[in-house]
Amino acid sequence: MSSARGAGLPGVDTSQPLVLTLAPRATPEEVARLCALLEGAPPADVICDVGGLAHADLAAVDALARLRLTAGRAGHRLRFEGAGRELRLLLGLVGLADLLV
């Protein structure tokens with residue numbers, strides 16, 4: 001008899017990740033819209049494409065942190081992909097580098 005669990009988090013459907021794409025400027029309205037989408041979706045893996053962000057600044061970090069908090073509260077597993085060098089450095093400084101793909 002085996003008690004090993006399958007890969008991934010229990011209750012998280014990893015077969016179809018939810019994909020979000022940030023616009024060049026992550027406005028508060030866009031972040032609120034994406035957070036609402038996360039809150040309304042069943043728990044899943046989430047990939048957030050941040051490659052289109054025009055500036056790696058604290059506003060972008062704030063937007064990503066808000067998305068991470070919302071995703072965690074909704075039971076999602078969030079990863080950011082496409083981050084440029086500057087954004088990677090900023091995320092490392094604020095402790096969010098582990099979310100990068």
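Atom set for the values below is all heavy atoms of this structure, side chains included, hydrogens, waters and symmetry mates excluded. What you are looking at is a predicted structure, and each value in this text was computed from that prediction instead of being measured. Numbers here simply count residues along the sequence, with the first being 1.
Here the side chains of V50 and L53 are in contact, with some heavy-atom distance below 4.5 Å. Using a 4.5 Å heavy-atom threshold, the side chains of R79 and D45 count as separate. Between C48 and L78 the shortest side-chain heavy-atom distance falls below 4.5 Å. Here the side chains of L90 and L96 are not in contact, with every heavy-atom distance at 4.5 Å or above. Between V46 and R77 the shortest side-chain heavy-atom distance does not fall below 4.5 Å.
Look at D57 and R25 and you find a salt bridge, because one of the NZ, NE, NH1 or NH2 atoms lies within 4.0 Å of a carboxylate O, short of that distance.
Between L22 and E30 the shortest heavy-atom distance is CA-OE2, 3.6 Å. The minimum heavy-atom distance between A97 and G92, with the atom names listed, is CB-CA, 3.7 Å. P43 approaches A74 most closely through the heavy-atom pair CG-O, 3.7 Å. Of all non-hydrogen atoms in H76 and P42, the two that sit nearest each other are CE1-O, 3.1 Å. The two atoms that bring D49 and G51 nearest to each other are OD1-N, 2.9 Å, heavy atoms only. Shown here for L67 and V31, the closest heavy-atom pair between the two residues is CD2-O, 4.4 Å.
When hydrophobic clusters are built by joining Ile, Leu, Val, Met, Phe, Trp and Tyr residues whose side-chain heavy atoms come closer than 4.5 Å, directly or via intermediates, I47 is not grouped with L38. Tracing side-chain contacts under 4.5 Å through hydrophobic residues (I, L, V, M, F, W, Y), one never reaches F80 starting from L89; they form parts of separate clusters. Hydrophobic cluster membership is shared by L100 and L58, with clusters built from Ile, Leu, Val, Met, Phe, Trp and Tyr side chains linked at under 4.5 angstrom.
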* To do: Just do the side-chain contact (heavy atoms from CB on, under 4.5 Å) check on L87 and L64 with the steps written out, would you?
  => CA-CA 11 Å; L87 185 57; L64 300 182; 4.1 Å; yes

* Asked: After noting the C-alpha distance and the side-chain angles of D98 and L91, does the key distance pass the side-chain contact (heavy atoms from CB on, under 4.5 Å) rule?
  -> CA-CA 9 Å; D98 62 322; L91 291 175; over 6 Å; no

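Note that the SG atom of C35 and the CZ atom of R68 stand 13.0 Å from one another [nearest 0.5 Å].
Within a 6.0 Å radius of CZ in R66, other residues, nucleotides and ligands contribute 12 heavy atoms or fewer.
The backbone N or O of A83 sits less than 3.5 Å from a side-chain atom of R88, completing a donor-acceptor pair.
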